[in-house]
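Here the structure comes first, spelled out in structure tokens, and everything after it is commentary.
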Number of protein chains: 2
Amino acid sequence: MALTNLPAPGSRTIQMKKRPIGAKRRLNETRILRAAERVFAEQGFAAASTAAIARIAGLPKANLHYYFRTKEALYRRVLESIIAGWVETADPIEAGADPRRALSAYIAGKIEYSRLRPHASKVFANEILHGAPSIAGRLRGDLKTWLEAKCRVIEGWSAAGKMARVDAKHLFFIIWAATQTYADFDVQAAALLGRRKLRPADYRAARALVTLMVLSACGLS
Amino acid sequence: MALTNLPAPGSRTIQMKKRPIGAKRRLNETRILRAAERVFAEQGFAAASTAAIARIAGLPKANLHYYFRTKEALYRRVLESIIAGWVETADPIEAGADPRRALSAYIAGKIEYSRLRPHASKVFANEILHGAPSIAGRLRGDLKTWLEAKCRVIEGWSAAGKMARVDAKHLFFIIWAATQTYADFDVQAAALLGRRKLRPADYRAARALVTLMVLSACGLS
DNA sequence: GTCTATATATCGATAGAC
DNA sequence: GTCTATCGATATATAGAC
């Protein structure tokens, strides 16, 4: 019976402190993930160094590797949280909704996402740009299935005479491109507009024009 | 008079061969530039190694550094040729043209550029995505001036009652995004369409929808 | 869990023989 | 101009004391 008092595999040592178990782990992981999103966005996966991420997160590099064994594992965790947020913005596109309101809300949400989380968009863009080495499987799998469901909603609206017929997949590709460009290429837009950085009014102008283009193409204006 | 037979500074040794002077240099530089555009596109500047570029160009790494002293210098040369081609596609946008035909031709040309030179678009995208470290100056300078001239053409059409009033700069940003996404994110579009790679029909569908969106937003459909 | 020191690998760039 | 060998810098990842 010598082994009966050992913790079961995977369980944690009993803690008598007030701090909830794993609280420090969660705190440090969150700090690292936030710093990683920023550095991966600004430099790309290859140029991002774990040393830079650790410095911004405010802890030694060895600690980062204690929480995330490899740079690749850290990167995948960052990517996953980004994809989750990315999928969520399409919630307005559902069968019961009014096409004009749903598409307007979707575009507004995507532009807002670009404004508030430009780093997330850039990490995702960098991943796709270089061949999607870490998420090609998901693109061909669950994300393709998810997109097809959203496209059936659009096609349902068209079939019901609520909007014109359009190529739904390409409609999504173009909406993504037109909205995410204000995150991914914000530096270009700002420079060409003669600003140091984009202003709220710029995002409003972008939202208005993208919305006009989509609605008029769908016969909804 | 011992020195009179030496070549003047900067001149080349007299060649008696049939090959034109500097032909080999041009050949090798072209090979390197082509290989570099591909590797910079696929891997990004940071991840691209001069060894990989040299291997694809078919010569030893030391030779690459003989023709281009640094990786950065090679990159800048690649970027410049890309920007030149990028500017050229906007030729149809000129004051004397008919707005409908001009915008349609511009969009068609941009989609064609994405199809034929996806590497060029990706190198440019990667540059902007990570803060445009090598071309921020041009964006704030000659490219901004160039864009403003193109915007005055659009605004002239609107003032003449030939098309609706739109925010010209954002119109360009969105056309760039919607057309370049078929190069930059070709992997994503192909995966979500269930293909190994994009087909001519996909580019036609993209061109048709982008054109419809732009023309209808400009009151031209 | 934390942190210093370091092993190991890779890359950009160049020296120097041909 | 070409190419082998190599230097120096920097990166990821880990060992091991605390």
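Note that the structure is predicted; figures quoted are calculated from it, not measured. First the proteins, then the strands, lettered A, B, ... as listed; each starts at 1.
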Between the side chains of B/S49 and B/Q43, is a donor N or O closer than 3.5 angstrom to an acceptor N or O? no
Examine the side chains of B/Y203 and B/E112 and answer whether a donor and an acceptor come within less than 3.5 Å of each other. no
Any heavy-atom pair between the side chains of B/I93 and B/L103 that's under 4.5 Å? yes
Is there a residue in residues 31-41 of chain A whose heavy atoms reach under 4.0 Å of DNA chain C, and which residues are they?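 Close to the strand, none.
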Rounded distance (Å) that lies between atom P of D/dC3 and atom CG of B/N63: 5 Å
For B/L64 and C/dT14, give me the distance from atom CG to atom P, rounded to whole Å. 12 Å
Side-chain ([X]) to main-chain ([Y]) donor-acceptor, under 3.5 angstrom:
X	Y	value
A/E127	A/S134	yes
B/H65	B/K61	no
B/K144	A/A191	no
A/K150	A/A168	no

Could you tell me whether A/Y182 and B/H170 have their ring centroids closer than 6.0 angstrom?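 They qualify: ring centres under 6.0 Å apart.
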What string of B, S and - do you get for nucleotides 6-18 of chain D, 5' to 3', if B is base contact, S is sugar-phosphate-only contact and - is no contact with any protein heavy atom under 4.0 Å? ------BBB----
Short side-chain N/O contact from B/Y67 to OP1 or OP2 of D/dG1, under 4.0 Å: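 So the side chain of B/Y67 is outside the cut-off, no N or O lying under 4.0 Å from OP1 or OP2 of D/dG1.
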